[in-house]
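When a ligand or atom number is given, it counts from 1 through the structure's own listing order. Since the model is a prediction, treat every value here as computed from it, not as a measurement. Note that the numbering runs from 1 along the sequence shown for the chain.
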Amino acid sequence: MNSPADTLKRTLTLATGRLYTMPILTLMPHSRCNCRCLMCDIWRDNANKREIATEAVARWLDVLQRLGTRWVVLSGGEPLMHSDLFGLCQVLRQAPVRITLLSTGLLLEKYAADVVTHVDDVIVSLDGSQPVHDRIRNIPHAYERLARGVAALKAARPGFRVTARCTLQKANYADLPNIVAAAHELGLDQISFLAVDVSTTAFNRPDGWGPERVNEVALDADDAVRFRAILEDLIAGHTADFQTGFIAESPAKLRRLSAYFAALLGRGEFPPVACTAPWVSAVIEADGTVRPCFFQRSLGNAFAQPLAAILNSDDAIAFRQNLNVRTDPICRKCVCSLNLRPHQGINGSR
Ligand code: SF4
Ligand code: SF4
């Protein structure tokens with residue numbers, strides 16, 4: 001539960017479009033990535049290294065404190081490739097905030113001691129059992145390195161929370177039961193699933209994807225039928241994993257993935273989206289671009305303008321006032337919404 005004052009501020013934000021509070025911030029501290037995933041073009045821009053300097057974060061600290069930011073999610077590229085990630089975390093801690101690190105897992109073994117010291121929890125990307133994961137990541141021994149990284153975190157601090165996210169796509173949907181088994185085998189605390197994004201300009205594809213690229217990663221009609229059956233088998237056979245929350249989504253939420261892939265093929269409507277991301281959070285990319293979420297347009301650049309002015313510019317307020325997530329064409333196809341209501345605390349809400 002949230003405090004009454006925070007609940008009021010969030011209600012005001014929803015009503016007016018002005019951010020009175022911003023409990024969550026996603027930072028992409030570094031633009032490069034050490035994977036070469038099939039479904040992402042971020043790594044194709046690895047030659048243009050950009051990163052958010054620790055000093056820049058220090059300059060934003062008072063804004064984050066004023067807006068009551070409680071949770072910073074470090075996303076990427078691979079945040080562990082940043083030249084001073086743990087210094088940056090120390091600055092953020094002054095806010096104070098909880099810090100979650102999203103990681104490919106390849107560098108976790110190397111930095112395990114620092115990670116458990118400066119970060120509260122880690123979410124690794126897990127794309128399949130070993131051969132499927134390695135094929136999607138396009139990196140030899142990616143699974144093995146991920147496994148060693150998770151083990152190193154658990155050895156450095158027993159009980160340290162490490163969970164996984166799995167992006168379902170053509171190359172791994174049939175591996176679904178093995179992915180859950182792999183998550184257990186790796187000693188992870190939880191696994192969650194989302195559908196691959198093929199519709200937006202996020203992930204370094206400013207012009208979006210054409211049909212050829214979409215067909216490489218989205219499910220075709222036969223895949224969609226098979227996926228539905230695999231999903232139902234998983235739901236029937238993994239009652240304990242749903243009850244304990246090891247699989248983060250409820251069966252109903254997982255079935256939305258099946259409906260989503262069917263809708264991409266023109267078979268039915270996209271599942272309705274409920275999302276408050278632009279009213280409770282912002283994303284700052286490695287080049288300073290500030291967005292209301294991963295997928296919506298830029299509101300400004302925090303390297304060129306004061307962060308507070310960007311977040312509550314007339315343009316940003318008008319954007320929030322005019323955004324209807326149920327009808328907006330980007331939102332309707334969104335694979336990663338965030339629905340944090342005014343009374344909800346941030347723990348486990350993403
Ligand atoms: S999907 Fe994530 S891990 Fe894979 S290349 Fe893109 S940023 Fe890197
Ligand atoms: S539904 Fe998706 S695209 Fe729309 S505001 Fe939420 S996160 Fe952004």
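Side-chain contact, Asn172 with Asp175: no donor N or O sits under 3.5 Å from an acceptor N or O. Side-chain contact, Asn339 with Arg341: a donor N or O sits under 3.5 Å from an acceptor N or O.
Every protein residue with a heavy atom nearer than 4.0 Å to ligand 1 is included here: Cys33, Cys35, Cys37, Cys40, Ile42, Trp43, Gly77, Thr104, Arg137.
Classification of the His30-His82 ring pair by plane angle, with boundaries at 30° and 60°, yields perpendicular.
The distance cut-off of 2.8 Å around atom 6 (Fe) of ligand 2 captures these protein N, O or S atoms, sorted by chain and number: Cys275 SG.
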I would like to know whether Glu269 and Arg332 meet side chain to side chain contact (heavy atoms under 4.5 Å, CB included); could you show each step before the answer? CA-CA 9 Å; Glu269 291 291 314; Arg332 286 194 63 227; 2.9 Å; yes
What do the steps show when you test Ile139 against Thr104 for side chain to side chain contact (heavy atoms under 4.5 Å, CB included), and what is the final call? CA-CA 11 Å; Ile139 293 285; Thr104 64; over 6 Å; no
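When all heavy atoms are compared, the tightest approach of Leu234 to Phe242 is O-CE1, 4.0 Å.
Counting only distance, with no hydrogens or angles, the side chain of Asp233 and the backbone of Ile230 share no donor-acceptor pair below 3.5 Å.
Here the CG-CD1 distance, from Leu27 to Ile52, works out to 5.0 Å after rounding to the nearest 0.5 Å.
Here the two rings, on Phe246 and His184, have centers that are under 6.0 Å apart.
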